Peer 1: 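Please find one structure pasted underneath; my questions will follow.
Everything numeric here is computed off the predicted structure, so don't read it as measured data.
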Protein chains: 2
Amino acid sequence: MKLTTRGRYAVTAMLDLAIHGEMQPVSLADISKRQEISLSYLEQLFAKLRREALVDSVRGPGGGYRLAHDSEAIFVAQIIDAVDESVDVTNCQGKGNCHHGEVCLTHHLWQDLSDRIHGFLSGISLADLVDNRGRVAARGSDTVQKLILQ
Amino acid sequence: MKLTTRGRYAVTAMLDLAIHGEMQPVSLADISKRQEISLSYLEQLFAKLRREALVDSVRGPGGGYRLAHDSEAIFVAQIIDAVDESVDVTNCQGKGNCHHGEVCLTHHLWQDLSDRIHGFLSGISLADLVDNRGRVAARGSDTVQKLILQ
DNA sequence: AAAAAACCAACTAAATTAGTAGGTTTTTAT
DNA sequence: ATAAAAACCTACTAATTTAGTTGGTTTTTT
Ligand code: FES
Ligand code: FES
């Protein structure tokens, strides 16, 4: 499993986009300042997010990035997948072959955990995070007032 | 989050102990052969498992390791914790201070995920894994025949 | 006395991550 | 036209971590 700064940065940056990008595109320079993430590193992450069609870019002055879909339709799992972090915790990438080509003793445990993590992150949209300022334990229909963030 | 080969090795080795250690202690040389884990690496892992009182050791020929408790009372989360892998996926180790000493935008998301992962692994004992050969998705009361493993 | 095992400390190679450097291209505003 | 703002692109680098190795010692049994 890889779930490190890279994935956290990507989700944070996308959330920043969801919050500040309603009217006009948001430049990476802005995100870099607000979230304290290296601009160049952000560029690398957004190259991947764009390849996976999670964001659209606008070049030139006044340009930046926009969410490619409604924030209700972008899920945390997609963002993490896009930047090459994997929530898969098996040794065999799900192939079930890490002990002489056979399933090892603990494969099902890791597979099951992986599925649960992915399921959890697949159920949380950027809109959920905006609504709840990241507090998702009691997520779903419980409507929390939109907070002006940052 | 660190959940890599080290944690998987530790759980696999403990499961091997649970399976083969009913009568006499199991040597690391045996586990090394059966599970194909470097003996020296196993020694390092078992030093930690012993420090956390999850196993007892018996020195000298015929010696080896034994579970320090019933397999019903040893949980996967404890094993992972013992070998210094952490299932914590926050950037702040739960302190909530990674953005100018304040909670960052995504803290609650990661905290919540961490709690769920830990909760999941805290609910699975070695006995569960022995019973189900690692298949824990429908765990709990569903009794599956004990399989002779390996 | 020999062998089997735990126990211990230090080192190493490989991989990965986060970040840097140094550009180019596109587009807008003056 | 020019300058500036931004995306876009490639390659490098320092630090960290991991998995594994080496070379022992101590304890206990046969
Ligand atoms: S983790 Fe999948 S077979 Fe071992
Ligand atoms: S992850 Fe905890 S404050 Fe940012």
Peer 1: In Å and rounded to the nearest 0.5 Å, what is the CG to OG distance from A:L45 to A:S38?
Peer 2: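 That separation rounds to 9.0 Å.
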Peer 1: Check every nucleotide of DNA chain D for an atom under 4.0 Å from a heavy-atom of chain B, then give the first and the last such nucleotide from 5' to 3'.
Peer 2: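 Extent of the interface on DNA chain D: D:dT18 to D:dT29.
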Peer 1: Can you confirm whether the side chains of A:W110 and A:T106 place a donor and an acceptor under 3.5 Å from each other?
Peer 2: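 Result is yes, a qualifying pair exists.
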Peer 1: Does any part of the side chain of B:T5, heavy atoms only, come nearer than 4.5 Å to the side chain of B:R8, both counted from C-beta?
Peer 2: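 They are in side-chain contact.
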Peer 1: Return the minimal non-hydrogen interatomic distance between B:Q78 and B:L54, and the atom names on each side.
Peer 2: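 For B:Q78 and B:L54, the tightest heavy-atom pair comes out as O-CD1, 3.7 Å.
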Peer 1: Kindly assign one of parallel, tilted or perpendicular to the pair B:F46 and B:Y65, based on the angle between their ring planes and the thresholds 30° and 60°.
Peer 2: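 Aromatic pair B:F46/B:Y65 classed tilted.
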Peer 1: Holding to ring pair (Phe, Tyr, Trp, His ring centres under 6.0 Å), I want the full list of residues that pass it with A:F75, two or more places apart in sequence or in another chain.
Peer 2: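 Testing A:F75 for ring pair (Phe, Tyr, Trp, His ring centres under 6.0 Å), a comparison that skips the adjacent residues, returns none.
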Peer 1: Looking only at heavy atoms, which two atoms of B:P25 and B:G63 are closest? And how far apart?
Peer 2: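 Between these two residues, the closest heavy atoms are CB-C, 4.0 Å.
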Peer 1: How bent is the helix from C:dA1-D:dT30 to C:dT30-D:dA1, measuring the angle between the end axes built from five pairs each, rounded to 10°?
Peer 2: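 For the helix from C:dA1-D:dT30 to C:dT30-D:dA1, the axes at opposite ends meet at about 0°.
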Peer 1: What nitrogen or oxygen pairs link the protein and nucleotides 18-20 of chain C at under 3.5 Å?
Peer 2:
unit_1	atom_1	unit_2	atom_2	d
C:dA18	OP1	A:T4	OG1	3.2
C:dA18	OP1	A:T5	N	2.9
C:dA18	OP1	A:T5	OG1	2.8
C:dA18	OP2	A:T4	OG1	3.4
C:dA18	OP2	A:R6	N	3.4
C:dA18	OP2	A:Y41	OH	3.1
C:dG19	OP2	A:Y9	OH	3.1
C:dT20	O4	A:Q44	NE2	2.7

Peer 1: Taking atom CD1 of B:I124 and atom CG of A:D112, what is their separation to the nearest 0.5 Å?
Peer 2: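 Taking CD1 in B:I124 and CG in A:D112, the distance rounds to 6.5 Å.
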Peer 1: Does A:L126 belong to the same Ile/Leu/Val/Met/Phe/Trp/Tyr cluster as B:V103, with side-chain heavy atoms less than 4.5 Å apart forming each link?
Peer 2: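 As far as the 4.5 Å side-chain criterion goes, B:V103 and A:L126 are not connected within one cluster.
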Peer 1: Could you list by number each residue of residues 48-67 of chain B showing a heavy-atom separation from DNA chain D of less than 4.0 Å, or answer none if no residue does?
Peer 2: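 By residue number: B:R59, B:G60, B:P61.
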Peer 1: Taking atom P of C:dC8 as reference, at what distance in whole Å does atom CZ of B:F46 sit?
Peer 2: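 Distance, rounded to whole Å: 15 Å.
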Peer 1: Working to the nearest 0.5 Å, report the span between CD1 of A:I31 and OH of A:Y9.
Peer 2: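 Between atom CD1 of A:I31 and atom OH of A:Y9 there are 13.5 Å.
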Peer 1: How about A:H99 and A:L105: do any of their side-chain heavy atoms sit closer than 4.5 Å?
Peer 2: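 In short, these two side chains do not touch, never coming nearer than 4.5 Å.
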Peer 1: Report the residue (A:L28 or B:E43) whose heavy-atom-nearest nucleotide on DNA chain D is the more 5′ of the two.
Peer 2: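 Mapping each residue to its closest nucleotide by heavy atoms, the 5'-most match is A:L28.
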Peer 1: Is there a side-chain contact between A:V55 and A:M14 (heavy atoms, below 4.5 Å)?
Peer 2: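 Yes; the side chains approach each other to less than 4.5 Å.
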Peer 1: Please list all pairs meeting salt bridge (charged side-chain N to carboxylate O under 4.0 Å, His left out) that have one or both residues in residues 54-81 of chain A, counting only residues at least two apart or in different chains.
Peer 2: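 Residue pairs with at least one partner in residues 54-81 of chain A: there are none.
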